[in-house]
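Below: one structure, written as structure tokens.
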Amino acid sequence: MNSTLLAHLNPEQLAAVTLESEPGLILAGAGSGKTRVLTTRIAWLLSTGRVGPGGIMAVTFTNKAAKEMLTRLSAMLPYNVRGMWIGTFHGLCHRFLRAHWKAAGLPQGFQILDASDTVAAVKRVCKAMNLDEERYPAKQAAHFIAHAKERAERPKDVVPRDEQDRRFIEVYAQYDAQCQREGVVDFAELMLRTYELMRDDPALRAHYQQRFQHVLVDEFQDTNALQYAWLKLFAPPGGQQAVFAVGDDDQSIYAFRGAEVGNMAAFEREYRVRLQVKLEQNYRSCGHILDAANHLISHNERRLGKTLRTDGPQGEPIRVNESPTDFEEAKWVLEEAQSLHRAGTPRAEIALLYRSNAQSRVLESALFNAGIPYRVYGGLRFFERAEIKHALAYLRLLENPNDDTSFLRVVNFPARAIGARTLEQLQDAARSSGRSLWQSVSALSGKPGQVLAKFTALVEELRRATEGQTLRGIVEHVVEGSGLAAHYRSDKDGAERLENLDELITAAESFVTQEGFGRDAVALPVDELGQGPGLTPDAETGEIMSPLAAFLTHASLEAGEHQAIAGADAIQLMTIHAAKGLEFDAVFLTGLEEGLFPNERALSDPDGLEEERRLMYVAITRARQRLHLSFSQTRMLHGQTRYNVKSRFFDELPPDALKWLTPQGGGFGSGFERDYASAWQRGSGLKGIVGAGREGWEPPRPRWGNASAAPAPAPVLPKSGHDSGLRPGQGVFHTKFGEGVVLALEGSGNDARAHVRFGRHGDKWLALSVAKLTPI
DNA sequence: GGCTCTTTCGTTTTT
DNA sequence: CGAAAGAGCC
């Protein structure tokens, strides 16, 4: 390793990188060079001979982070990085299970269910159990199961709290049995199976504990209970291994998915961490932005505590804007963004962030109508598209005909006259004999039996025809032979889907030639010997995983980009969650309103508010040079106009760092009429044409736009939907709850509701037609 | 079996 | 308001 790599580190980074073989907890603030520390440490460990490449395991949460680490490492080191266990939790578990499929009780060709496959599979279980879909929604059951697995609980371990839980436990048990029958595992199962095998097999545990001398974990604040327990099996507290945990409790924003920030404190305690390093030097943001971030997050009580600092300039103050409507807000954002662009900021360096996806619509509409290129993150990913999932289902049936999920997906697509009745019969037969749908086809006689036999014959034929072919050849043949291509060719709206299928064929081709082939997808040998490029034999049987199986795994484990329009200089739109880990020259943070952000659904418990605040912290720290905050007095939500007050987070920011572009109001009710009037006067260049705006706009098909300029829409005026005389921010008296403050108003007439904060009784939604509220 | 109408639901979602 | 899923109709 080039020794200058160490020379460029600051003292804290250096301390972290060169920590000797003992547990370390690194509190890595936003923009403090976390990835650099991780990769440099690995390079340091290797180049100083402290450990060989086979002795390192580095775990991340996203494929992107894992790839980034590998890329940086291979630039630093002459090694072939492939032998190292660097990957996502799920990717590494997958690799482990491929190597130990037999011990794990899995079929060799087991496949992975993605989120929607999982819900579909649970739904089948619920149907089979004849559960009332109203009272026991499959989606909820799927969540229940996932959460149980994240706590390492099998059906027998879950303690039910009510009748619904008892039913869900039964669903869980049946679902597990079904997955086992079909030879499939869901995401959580990858983790849990690995955990259980390590827990129950002392020899295996000893082997891996001896092998991995250094275990590095990225984004430690996002680990759930199972992942932490998993880690303790690979590198137990007090053991010989050195665990290097890197995280930032202030950026923990995934509690709703089971992440437990408490794992950081638990780690420090249980591993008796002697050295806790705080990386507080920030290399990303200007002073004002860091001031705002520090000030805001100091309002959280449960923190490990850290303060970002910079040697850089203060930069521009944070610009704050209040708008009368979400429409006007979008217009303001667009104008500011354009002026930044004119001043030289590339569009791709401008991010529009929001709390919830629904907010993107107004922004999109404004950008689209103005003809400004933009790109929205989120939504369907490549491998989640219906046509791609169809093609993959055929491919999966080639690998494993007992995969009922895939069977059901394509047995009648394209249509081949196999209806619900036939499938019910087939499912009954399968259930009573405990066999797969595929195996049960022969049990059906008459016409149903014939049409089904024709389908299985088709799949058999596809398998025969593709035997020995290249991966590309297989995919190409299946897309044609299954009838998918023909189906979309005859569909007048099928052009885009055909293109995607073509892209799948291309993806299959590049998957084989790519350097990445075999890294995530293919089983690697248990010991370090005999590493080959990709196709390495199975640890126990010596068998080689087929390229097709590897490709299918790749598709499940890495859903691909949302929408990659490479090279296009477009403004970036995404939720704050999606922005974590990214950075931009300029950031616009929109919809900073009570109820939206912090979101009202998070306010029921105090931890919820703290998580919202961390989310705000994440949002602020995405910005390098410029930060813009905005909120609107009114907003269209669920088809109704909502009247909002500005977010409490404004009160938690240092006034000196802010530059208010509008008089400091506070949302609806404060000087609204005046602002309203002036906004109306300002209009948008189309005075007098009321409501012309949203009609002309169609959601652009690909979620990036570059429309030719269309006339900007006129503002949509909020109807004075509250005949009650109430407005947000106003004090009210309620005979039962006492004094309170109106937070928001919704609906009108008989449906009018007010969100009111009462001192002692907390926040309540009150129907104005019923509740007696007196303005005070 | 496939289309159209109706109903329902709406925070965030790394794998 | 708008998407998506389910029910009902041809």
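Naming convention: chains lettered A, B, ... in sequence-line order (proteins, then strands); numbering from 1 in each chain. Computed from a prediction, not measured in an experiment: that's the story for all the values here.
- Under 4.0 angstrom from either OP1 or OP2 of B:dG2 there lies at least one side-chain N or O belonging to A:Asn412.
- For A:Phe144 and A:Tyr172, the distance between ring centers is not under 6.0 angstrom.
- Each of B:dT12, B:dT13, B:dT15 was ranked by its minimum atom distance to the side chain of A:Ala578; first place goes to B:dT13.
- The side chain of A:Ala417 approaches B:dG1 more closely than any other nucleotide in the set B:dT13, B:dT11, B:dG1.
- Annotation: cation-pi geometry satisfied between A:Arg375 and A:Tyr377 (NZ/CZ under 6.0 angstrom from ring centroid, within 45° of ring axis).
- Side-chain proximity of A:His577 to B:dG1, B:dT11, B:dT12: nearest is B:dT12.
- The side chain of A:Lys123 contributes an N or O atom lying less than 4.0 Å from OP1 or OP2 of C:dG6.
- Centre separation under 5.5 Å together with a plane angle under 30° does not hold for the ring of A:Phe256 and the six-membered base ring of B:dT13, so they are not marked as stacked.
- Both tests pass for A:Arg98 against the ring of A:Phe110: distance under 6.0 Å to the centre and angle within 45° of the axis.
- OP1 or OP2 of C:dA3 has at least one side-chain nitrogen or oxygen of A:Arg361 nearer than 4.0 Å.
- Comparing C:dA5 with B:dT12, their C1' atoms are spaced 23 Å from each other, to the whole Å.
- B:dT11 atom P lies 14 Å from atom CG of A:Leu603, rounded to whole Å.
- Considering only side-chain atoms of A:Ala415, the nucleotide from B:dT11, B:dT15, B:dG1 that sits closest is B:dG1.
- The nearest whole Å value for the distance from the NE2 atom in A:His638 to the P atom in B:dT11 is 6 Å.
- Using a 4.0 Å cut-off between charged side-chain N and carboxylate O, A:Glu558 and A:Arg381 make no salt bridge.
- The distance between atom CG of A:Leu190 and atom P of B:dT14, rounded to the nearest whole Å, is 16 Å.
- Contact annotation: A:Thr575 reaches the phosphate of B:dT13 (side-chain N/O to OP1 or OP2, under 4.0 Å).
- B:dT14 atom C1' lies 13 Å from atom CE of A:Met191, rounded to whole Å.
- For the pair A:Gln221 CD and B:dT14 C1', the interatomic distance rounds to 11 Å; values are reported in whole Å.
- In this model, a donor atom of one side chain and an acceptor atom of the other lie less than 3.5 Å apart for A:Glu150 and A:His147.
- Contact annotation: A:Arg421 does not reach the phosphate of B:dG1 (side-chain N/O to OP1 or OP2, under 4.0 Å).
- The separation between A:Asp186 atom CG and B:dT15 atom P is 15 Å, rounded to whole Å.
- Within the nucleic acid shown, A:Phe597 has no heavy atom closer than 4.0 Å to any nucleic acid atom.
- Rounded to whole Å, the separation between the C1' atoms of B:dT11 and C:dG6 comes to 25 Å.
- Between A:Asn357 and the phosphate of B:dT12, there is a side-chain N or O to OP1/OP2 separation shorter than 4.0 Å.
- For the 3.5 Å distance criterion, the side chains of A:Thr71 and A:Glu68 fail to qualify, holding no donor opposite an acceptor.
- Atom C1' of nucleotide B:dT14 and atom NZ of A:Lys64 are separated by 10 Å, given to the nearest angstrom.
- The CD1 atom of A:Ile145 sits 17 Å away from the C1' atom of B:dT15 (whole-angstrom rounding).
- Annotation: B:dT14 and C:dA3 have their C1' atoms spaced 25 Å apart (nearest Å).
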